[in-house]
Amino acid sequence: MLSEITVGVIGTGQLGRAMAQGLLMGGLPGSNLWLANRSGAPVTLEGGAAVTQTTDLAALGAACDVVVLAVPPAVVPSLSLELRDRLVLSVVAGLTLDGMRHATGAHRVIRAMSNPAAERRLAYTPWVAGGAVTAEDRATATAIFGAIGVTDEITDEAHIDDFTALTGPVPGFVAYFADSMIRHATAQGIPEEIATRAIRQLFLASGQMLKEGATPAGQVQEMVDYAGTTAAGLTHLRRGGFDAALSEALLAATEKARTI
Ligand SMILES: NC(=O)C1=CN([C@@H]2O[C@H](COP(=O)(O)OP(=O)(O)OC[C@H]3O[C@@H](n4cnc5c(N)ncnc54)[C@H](O)[C@@H]3O)[C@@H](O)[C@H]2O)C=CC1
Ligand SMILES: O=C(O)[C@@H]1CCC=N1
């Protein structure tokens, strides 16, 4: 599937570059990939020798079946794109399906939210399709987003803003939790280098152990039911307003996505 399409990524920064690298690792031939940025600065990608790099957005749009918007939200109005006959995918925070149609002239638009883990093919990319999107377009989007990680089509466009908060940043809020544990450890007198190594390993192991098996809720309950030392802490956490504080933080990020 990927070998049958040509993809153009506009924006080769943190996310665009990561998606491009993940696509190449996931089977998109370099000769089928165009990249555009504002400066013309060359992008170095593993397996990217045959990639076409340009600052000419019109040339990219003419050459590519699928165009991916990966520029900052504020840049979109200045892009002056004419992509009427193209499938356009966007990972731009806050750019709605209507905004995509207005900015690109495209009818076939898919709004998504990915993250830079795409470079390691570990992204989570939910997406919602505009009305003119065909079954073939859905298969194309699934192939593209599936090449860079895990993907789901969703039906409520508003949830893309929620995912912009939840899974857009990586490590994002999880880095905050890890740092909070490191700061706790150092406050007990544990040397920062040791604390950092310990918590890095904890999150590496936790990520692997949360990949499958019991859900996070199930794994928490298992520890509470075990009624050991961890249960004492988790019970305290449950009572202490952590969930509400995190939800408020995520809602703040979601609201920012809706107003950016
Ligand atoms: N960085 C992240 O972790 C995530 C970013 N996003 C979204 O992805 C989009 C891109 O974000 P980043 O990659 O972080 O931005 P960035 O600032 O790292 O890169 C922006 C890229 O856009 C290019 N660009 C700017 N104006 C342009 C123009 N007129 N024509 C062509 N290229 C132009 C720049 O040259 C640069 O390559 C944003 O909308 C952001 O909300 C979404 C999820 C995660
Ligand atoms: O923080 C941001 O604006 C971007 C969008 C989601 C994650 N990073």
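Counting starts at 1 for both ligands and their atoms, in listed order. Computation of the quantities below employed the complete heavy-atom set of this structure, encompassing side-chain atoms and omitting hydrogens, waters and symmetry-equivalent molecules.
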Hey, what polar pairs (N/O, under 3.5 Å) does ligand 1 make with protein?
from, atom 1, to, atom 2, distance (Å)
ligand 1, 1 (N), Gln14, OE1, 3.1
ligand 1, 13 (O), Gln14, N, 3.1
ligand 1, 13 (O), Leu15, N, 2.8
ligand 1, 18 (O), Gln14, N, 3.0
ligand 1, 32 (N), Arg38, N, 3.3
ligand 1, 35 (O), Arg38, N, 3.2
ligand 1, 37 (O), Thr12, N, 2.9
ligand 1, 37 (O), Thr12, OG1, 3.4
ligand 1, 37 (O), Gly13, N, 3.3
ligand 1, 39 (O), Val71, O, 2.7
ligand 1, 39 (O), Ala93, N, 3.4
ligand 1, 41 (O), Ala93, N, 3.4

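With respect to Arg111 and Asp161, a salt bridge is recorded, a charged nitrogen being found less than 4.0 Å from a carboxylate O.
In this structure, ligand 2 sits under 4.0 Å from heavy atoms belonging to Thr164, Gly168, Pro169.
Within the structure, no pair that satisfies the side-chain hydrogen bond (donor to acceptor under 3.5 Å, both in side chains) test touches residues 45-66, not counting sequence neighbours.
Between Phe203 and Val174, some side-chain heavy-atom pair lies under the 4.5 Å cut-off. With a 4.5 Å cut-off on side-chain heavy atoms, Val88 and Leu81 do not count as touching.
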Applying salt bridge (charged side-chain N to carboxylate O under 4.0 Å, His left out), run through Arg138 and Glu136 and close with a yes or a no. CA-CA 5 Å; Arg138 282 182 159 82; Glu136 184 182 358; over 6 Å; no
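Scanning all heavy atoms of the two residues, the minimum distance from Leu234 to Met223 falls at CD1-CB, 3.8 Å.
Distance alone, capped at 3.5 Å, is enough to place a donor-acceptor pair between the Arg86 side chain and the Cys64 backbone.
Not counting sequence neighbours, Tyr176 has no partner by the ring-ring contact (aromatic ring centres under 6.0 Å, His included) test.
For the residue pair Trp127 / Thr151, a side-chain donor-acceptor distance below 3.5 Å is found, with atom types taken as modelled.
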